[in-house]
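Note on naming: letters A, B, ... go to the chains in the order of the sequence lines (proteins, then strands), and numbering restarts at 1 for each one.
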Amino acid sequence: MAVTGDETDTDTGNSSDLTACQLRNTNSSLPQEMAGASAHSFMKTKDTVQKRELRLMKNREAARECRRKKKEYVKCLENRVAVLENQNKTLIEELRALKDIYRHKNE
DNA sequence: ATGCACCCGCGTCACCTGTA
DNA sequence: TACAGGTGACGCGGGTGCAT
């Protein structure tokens, strides 16, 4: 919530344009940056951009892993459904056979 | 060949939850 | 309480099958 707000304030909306592209630009225009703004604020910006990129990279991988796990989970469920359907079929046949036996006994 | 609907995987954002 | 990781939701681009 507030936590993510802190991240997302810098991540989304206004600063969503601060991507690798901008990092590249700042790198190429280092001398002007130094002259214009303080070295401290420049480093801060650079650090912010790097942090964002790191977070995006981690989240990218997390999403990939999450999807992989989800697919695996769904496959597991489908297998289980198949097994249970087979069991059900077997039990229905067994029940039918037992009913037959019972009927013949009483005839 | 082309337009279209559908599916799939991806990247990103926003949010939630567990942990130090 | 700040932070990291997991995940649902969304939009996008590419692939595929199908009708025209």
Gap between atoms [atom1] and [atom2], on [X] and [N] respectively (whole Å):
X: A/M57; N: C/dG5; atom1: CE; atom2: P; value: 11 Å
X: A/K58; N: C/dG5; atom1: NZ; atom2: P; value: 4 Å
X: A/K51; N: C/dA4; atom1: NZ; atom2: P; value: 8 Å
X: A/R52; N: B/dT12; atom1: CZ; atom2: C1'; value: 8 Å
X: A/R55; N: B/dC15; atom1: CZ; atom2: P; value: 13 Å
X: A/R60; N: C/dG6; atom1: CZ; atom2: P; value: 16 Å
X: A/N59; N: C/dA9; atom1: CG; atom2: C1'; value: 13 Å

Open item on the list: Check this for me, if you would: do A/R68 and A/E65 make a salt bridge, where the nitrogen-to-carboxylate-oxygen distance has to be below 4.0 angstrom?
Closed with: yes
Task: Side chain proximity check, A/L54 to A/M57, heavy atoms < 4.5 angstrom - done: yes
Open item on the list: For a 4.5 angstrom cut-off between non-hydrogen side-chain atoms, does A/D100 reach A/R103?
Closed with: yes
Task: Distance (rounded to the nearest 0.5 Å) between A/L84 CG and A/N79 CG - done: 11.0 Å
Open item on the list: Tell me which residues in residues 64-81 of chain A lie within less than 4.0 Å of DNA chain B, going by non-hydrogen atoms.
Closed with: A/R64, A/R67, A/K71
